[in-house]
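Letters go in sequence order (proteins before strands), and every chain restarts at 1. Keep in mind it's a predicted model, so treat the numbers as computed, not measured. All values below were derived from every heavy atom in this structure, side-chain atoms included, with hydrogens, water molecules and symmetry-related copies excluded.
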Amino acid sequence: MSTPAPAGPAPADLRFHPLRDSATMLRRNLKHMLRYPSLTVMLVGMPIVFLLLFVYVFGGTLGAGLGGASGGRDAYVDYVTPAIILMTVTAVVQGTAISVAMDLTEGIIARFRTMHIARVSVLTGHVLGSVIQAAFALAVVIGVALLVGFRPAAGVGGWLATAGFLVALTFALVWLSVALGQVSKSVEAASNVGMPLLLLPFLGSGFVPTDSMPAGLRWFAEYQPFTPIIETLRGLLMGTPVGHNAAVALGWCALIALGGHLWSKRLFNREYAR
Amino acid sequence: MHTQHSAIAATGLRKSFGDHVVLDGIDLDVPRGSVFSLLGANGAGKTTTVKVLSTLIRADAGSAWVAGHDLTTEPDAVRAAIGVTGQFSAVDNLLTGRENLHLMADLHHLPRGDGKRRAGRLLEQFDLVEAAGKPVSTYSGGMRRRLDLAMTLVGSPRVIFLDEPTTGLDPRSRRGMWQIVRELVAGGVTIFLTTQYLEEADELADRIAVLDRGRLVAEGTADQLKRRIPGGHVRLRFADPLGLDAAARLLGEVSRDDDALTLRVPSDGSLRSLKTLIDRLDDRAIEVDELSVHTPDLDDVFLALTGNPHDEKVTSR
């Protein structure tokens, strides 16, 4: 058999439009969130419950242990809020893993794969949607923190820097989460893969200073990525010294974002097997 | 191979999943503007064929061109030319019907106004206007399948793959789907249709290929396939062995079944030949309990060709 000459009409415009397609997919994901708000409500509710729990149940005792001049519950609100903010981000990205895993069980993903679209837009739609969802969740959680006595020292510049840092952090963790959602064999599995992300703030400087931990744990706590991330947040919001934490935190974010992005793309482009 | 005029051309397509050979050397040639039906039982490899030809999975060996583009080297060009409506509905359940169509219009980069008009027309054409504003999760199976196909059509594909488009639909929805397919073909689109319903292939397809365990065992028009098997016959059932014997002596070249007390008499099923047969029996006063006429249908063809009537028999409805 000879190779056929190109047949048929001239090929259609075969350029890809990743930005346009990503915007379309973002609209799709935002519609999902608006129409089925229960996941968003749960993602916002959980950090708020933890905030109230830590401030009103544990706050008096833990605050006394901080050893500051003021001490007590008021000091602890200021100490724990950056950790709760981080927890809000990890809760949202856990939701991303669930949404991605759910989406992949839908037949429409197979349709997207047979269409001439920028494939990555299926993923970027989720990423951008989650960043917007995180911004909303963070606004609510920080609002509640302010109501229960959170008194940040940050000025306008500090808040802008905090916002920028949180966007970078969310972006990085979401890409990781999109990959985790894809490797999950089921939606139930996807709801568990984010657990370590939720636990890590506890095994760092999130809820208590690392000095109070036993040696082995302290070593882990000081080197795990969430400790510099929390210390950076704390520094930006409370004016505590940031030191090299910001650079380390941004380095981790860049690393996680790049790794998550490459892993996600690779997973999505692997042979369709459903 | 006439790839110049072919919408789909394939040679030697093979695909295995582990040790399990699903496609064992498939050759296809589907002319532009025709309906080609791939007929087979569950597990014959129909869906795998569609997945390979629609770029969802890669074949292990062989080559194929779809809409004039090589599947391996130009998958993007293939994707730009095809539309796929799979066995499992490829719709977004959380969006409304209209939003699903708008989503497709946006992904095809249609200008907003054009996309809206096109969506509106498709909703009308597919009888979904009333349900357009409801979430797809509330749709019936038939509505979902119609929406699925409507979404495929938003991009005006030149080649459409329909993988078991009517499986699970009620008879009325099935006929509606057939009508839609006919209209599409009238508009010059090429349809590659898989089905396990012989009636469907007979109704719609210009050419039919029978797929059995990953191999094409026959290909041709419905009439050509029907001609490949022994012709029709009349089946006579008698009350007792005496009648059976008498009729067998009278009619000569027949096949008899002593247990069922039946005779199969070759016949074209025409009124004249039936009358002749009945007159001959009547002359000898042979009592016949029951008479039935059998014209060959694709069921006979399928069973004759695949020879596995008990193993996941093809359904004829």
Side-chain angles (χ1 to χ4, degrees), chain A residues 1-39 99 102-122 125 129 268-274, chain B residues 1-7 9 11-12 17 27 32 50-51 54-58 63 65-70 74-96 99-100 102-109 135-136 148 151-152 155 157-159 161:
Chain A
M1 200 202 83
S2 62
T3 308
D13 182 6
L14 290 181
R15 271 175 309 162
F16 288 108
H17 300 88
L19 292 180
R20 208 165 157 185
D21 290 350
S22 295
T24 302
M25 293 300 186
L26 170 62
R27 278 201 299 280
R28 167 173 181 261
N29 286 304
L30 289 179
K31 273 183 193 149
H32 286 182
M33 288 176 197
L34 286 175
R35 205 150 295 164
Y36 301 89
S38 56
L39 185 61
S99 308
M102 266 169 68
D103 215 8
L104 290 181
T105 65
E106 298 277 336
I108 194 152
I109 295 294
R111 178 188 289 282
F112 291 150
R113 284 173 193 270
T114 63
M115 290 175 68
H116 183 258
I117 58 173
R119 283 196 164 195
V120 76
S121 64
V122 177
F268 195 72
N269 283 328
R270 77 189 152 173
E271 180 134 295
Y272 183 75
R274 280 168 205 261
Chain B
M1 180 174 282
H2 319 287
T3 40
Q4 284 281 2
H5 306 286
S6 301
T11 47
F17 295 109
D27 299 335
R32 286 169 191 278
V50 169
K51 281 184 176 172
S54 62
T55 76
L56 267 178
I57 58 177
R58 226 165 283 180
S63 46
W65 292 264
V66 176
H69 301 288
D70 188 313
E74 311 168 85
D76 292 327
V78 171
R79 289 190 192 114
I82 63 170
V84 187
T85 291
Q87 197 173 345
F88 304 104
S89 60
V91 298
D92 189 322
N93 285 308
L94 305 182
L95 301 181
T96 67
E99 284 170 339
N100 266 290
H102 287 169
L103 174 66
M104 290 299 117
D106 289 345
L107 289 175
H108 283 106
H109 309 124
V136 174
D148 200 327
M151 286 168 72
T152 299
R158 284 176 283 146
V159 179
F161 293 92

Measure the CE-CG distance between Met33(A) and Leu94(B) for me, rounded to the nearest 0.5 Å. 11.5 Å
Heavy-atom closest pair (Leu56(B) atom, Ala110(A) atom, distance to 0.1 Å) is CD2-O, 3.9 Å
Please check if any side-chain donor atom of Thr152(B) sits under 3.5 Å from a side-chain acceptor atom of Arg111(A), or the reverse. yes
Could you measure the distance from the CE atom of Met104(B) to the OG1 atom of Thr24(A)? Nearest 0.5 Å is fine. 10.0 Å
Do the side chain of Arg27(A) and the main chain of Leu103(B) share a donor and acceptor less than 3.5 angstrom apart? no
Which answer fits His108(B), side chain, backbone, both or neither, if we ask what part of it has an atom under 4.5 Å from a heavy atom of chain A? side chain
Shortest non-hydrogen contact between Asp92(B) and Ile108(A), atoms and distance: N-CD1, 3.5 Å
Of the non-hydrogen atoms in Ala80(B) and Leu14(A), which two are nearest, and what is the gap between them? CB-CD2, 3.6 Å
Are the side chains of Met115(A) and Val84(B) in touch, meaning some heavy atoms are under 4.5 Å apart? no
Turns out that what part of Pro75(B) lies under 4.5 Å from chain A's heavy atoms comes down to neither
Intermediate values then yes/no, side chain to side chain contact (heavy atoms under 4.5 Å, CB included), His116(A) and Ile82(B): CA-CA 9 Å; His116(A) 183 258; Ile82(B) 63 170; over 6 Å; no
Picking from Asn93(B), Asn100(B), Val91(B), which has the most non-hydrogen pairs under 4.5 angstrom with chain A? Val91(B)
Minimum-distance pair of heavy atoms, taken over all atoms of Arg35(A) and Glu99(B): NH1-OE1, 2.6 Å
Return the CZ to CG distance between Arg119(A) and Asp76(B), rounded to the nearest 0.5 Å. 8.5 Å
Could you measure the distance from the CZ atom of Arg79(B) to the CZ atom of Phe112(A)? Nearest 0.5 Å is fine. 14.0 Å
Apply side chain to side chain contact (heavy atoms under 4.5 Å, CB included) to the pair His32(A) and Leu95(B), showing each step before the final yes or no. CA-CA 7 Å; His32(A) 286 182; Leu95(B) 301 181; 3.9 Å; yes
Nearest-0.5 Å distance that lies between atom CZ in Arg28(A) and atom CG in Leu107(B): 9.0 Å
